[in-house]
Amino acid sequence: MQPSLLIPVLFAATSTGICPVERNIFNSIGPLDNVLLFDAPAFPEPDNQLLVAQQAFVYLHQLDFSPIVSGVQAALNALGLDIGDSLTNVEERLKLFAAVGIPDKKVEMSVQGCNQPAHLQGTSGLPDLGMVLQNVSIGSCSASKELSAKVKLSFLDPRQISATVFPSTNSGYGVISDIDDTVKVSHVLDTIDLAKATLVDDPVAVTGMPQLYESLSRSLDSPQFIYISGSPFQLYPFLHDFISTSFSASKGPILLQNLTVVDIPQLLEFAGNNGIFEYKLSQIDRIHGMYPNKKFLAIGDSTQKDPETYGAA
């Protein structure tokens, strides 16, 4: 039997007896709240105002991370993996799995070059604890392929929490791309190599794909790139850094699944489960809803039924 590390998910209960003023204070982002703001696609309304499909995760850090790291190290050793000098990689990639989501948090952000702030109204309770995904208006915006979005914080809070909004018109071309074993070497069909590529090793681009995507960016006149992966959203910082550096000419939003309780075998099974087909299909339908008149080139591999998914879409 494989050793199993279970990361418990806690949740904060809100009081129904708090007065409206107090609730407003507690619902705003405070200095102990952490916010993961995802890069997001933006699309035009009929009046040419922009809507952004913005996602955010509000959470508390688990204070003592060492038992989790020790448990993960034991689980990886049981799979025959010696993480050696890569402990830092493992810690960084597992941080969000230990995060405790917070419900009922409102996220307000400003978008550079746009005349209207975005208001995300309340993070979710269980099962998507601390998560919010909403289409919100950011008004009229300057003509740019990338807009900087920043979370509004208290004047006493010095942090800078930001993401990129990628506006695109409802015409022209777009590219929908898988990540694992399409642009990043992941070894989805091999449990041990998948564990190494996901938690231990530095990411490696699939040979020739950065050059291909750079060529597509030129030949299709800077299309909207959107990456869809069956990986859990807790790996977003890792995957975001990889796309930003290895595919700098074809950056775009990354759409990932939600996972709230995990042990190592479950995490690896999640990366290759059968629900990925339905998830990717739902995300492609969502993208078509944003850009109904845009033509999309879909790129993937055969390890997670990408051809079947694109054919069904």
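What you are looking at is a predicted structure, and each value in this text was computed from that prediction instead of being measured.
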Verdict with supporting geometry, Arg159 and Asn34, side chain to side chain contact (heavy atoms under 4.5 Å, CB included): CA-CA 10 Å; Arg159 294 177 297 170; Asn34 294 278; 4.0 Å; yes
Stepwise side chain to side chain contact (heavy atoms under 4.5 Å, CB included) test for Val136 and Leu51: CA-CA 5 Å; Val136 290; Leu51 284 175; 5.7 Å; no
Derivation and outcome, side-chain hydrogen bond (donor to acceptor under 3.5 Å, both in side chains), residues Ser144 and Ser142: CA-CA 6 Å; Ser144 177; Ser142 59; 5.6 Å; no
Residues Met109, Gln54; criterion side chain to side chain contact (heavy atoms under 4.5 Å, CB included); working and verdict: CA-CA 10 Å; Met109 66 181 200; Gln54 187 63 58; 3.1 Å; yes
Step-by-step side-chain hydrogen bond (donor to acceptor under 3.5 Å, both in side chains) determination, Asp128 to Asn258: CA-CA 7 Å; Asp128 298 324; Asn258 192 23; 2.4 Å; yes
Stepwise side-chain hydrogen bond (donor to acceptor under 3.5 Å, both in side chains) test for Lys294 and Ser168: CA-CA 10 Å; Lys294 190 185 289 291; Ser168 188; 2.8 Å; yes
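Looking at Ser124, its side chain does come within 3.5 Å of a backbone N or O of Met131 through a donor-acceptor pair. Asp181 places a side-chain N or O within donor-acceptor distance of the main-chain N or O of His187, the cut-off being under 3.5 Å. At distances below 3.5 Å, at least one donor-acceptor pair connects side-chain atoms of Asn115 with backbone N or O atoms of Ser140. Of the possible polar contacts, none joining the Gln112 side chain to the Ala149 backbone as a donor-acceptor pair under 3.5 Å is found. A donor-acceptor pair is defined here as one N or O able to donate and one able to accept, closer than 3.5 Å; such a pair exists between the side chain of Gln134 and the backbone of Gln121.
Nearest approach of Ser162 to Lys150, heavy atoms of both residues: CB-CG, 4.0 Å. Counting all heavy atoms, side chain and backbone alike, Thr123 lies closest to Pro103 at OG1-C, 3.2 Å. Across all non-hydrogen atoms, the minimal contact from Leu235 to Phe97 is CD2-CE1, 4.2 Å. For the residue pair Asp180 and Ser231, the shortest heavy atom distance occurs at OD2-OG, 3.0 Å.
Asp201 and Asn89 are not linked by any side-chain donor-acceptor pair at a separation below 3.5 angstrom, with hydrogens and angles left out of the test. Thr182 and Asp178 share a side-chain donor-acceptor pair at under 3.5 Å.
For Phe238, the ring-ring contact (aromatic ring centres under 6.0 Å, His included) criterion is met by no residue, not counting sequence neighbours. Qualifying side chain to side chain donor-acceptor pair (under 3.5 Å) partners for Ser246, counting only residues two or more places apart in sequence or in other chains: none.
Counting heavy atoms from C-beta outward, Gln234 and Leu36 have side chains that stay 4.5 Å or more apart. Inter-residue side-chain proximity for His240 and Ile254 is flagged as met; some heavy-atom pair is nearer than 4.5 Å. In this structure, Lys105 and Val35 have side chains that are not in contact, with every pair of non-hydrogen atoms separated by 4.5 Å or more. For the pair Arg93/Leu239, no side-chain contact is recorded, criterion being any heavy-atom separation below 4.5 Å from C-beta on. Proximity of Phe233 to Phe57: side-chain heavy atoms (C-beta onward) are separated by under 4.5 Å at one or more points. Looking only at side-chain heavy atoms (C-beta outward), Glu108 and His119 come within less than 4.5 Å of each other. Contact annotation: the side chain of Thr198 never approaches that of Ser186 to less than 4.5 Å [non-hydrogen atoms, C-beta and beyond]. Residues Ser222 and Lys145 form a side-chain contact, since some pair of their non-hydrogen atoms from C-beta on lies under 4.5 Å apart.
Aromatic rings from Phe247 and Phe242 are positioned such that their centres are separated by under 6.0 Å.
With rounding to the nearest 0.5 angstrom, the OG atom of Ser229 is 6.0 Å from the NZ atom of Lys280.
Following chains of ILVMFWY side-chain contacts shorter than 4.5 Å, one cannot reach Phe43 starting from Leu133, and the two form parts of different hydrophobic clusters. No path of Ile, Leu, Val, Met, Phe, Trp and Tyr side chains, each step under 4.5 Å between heavy atoms, connects Phe166 with Val183, placing them in separate hydrophobic clusters.
Using a 4.0 Å cut-off between a side-chain N of Lys or Arg and a carboxylate O of Asp or Glu, Asp39 and Lys251 do not qualify as a salt bridge.
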Please tabulate, one pair per line, all N/O donor-acceptor pairs under 3.5 Å involving side-chain atoms of residues 212-221, not counting sequence neighbours.
residue : atom : partner : partner atom : Å
Tyr213  : OH   : Ser177  : OG           : 2.6
Ser217  : OG   : Ala249  : O            : 3.2
Ser219  : OG   : Ser215  : O            : 3.0

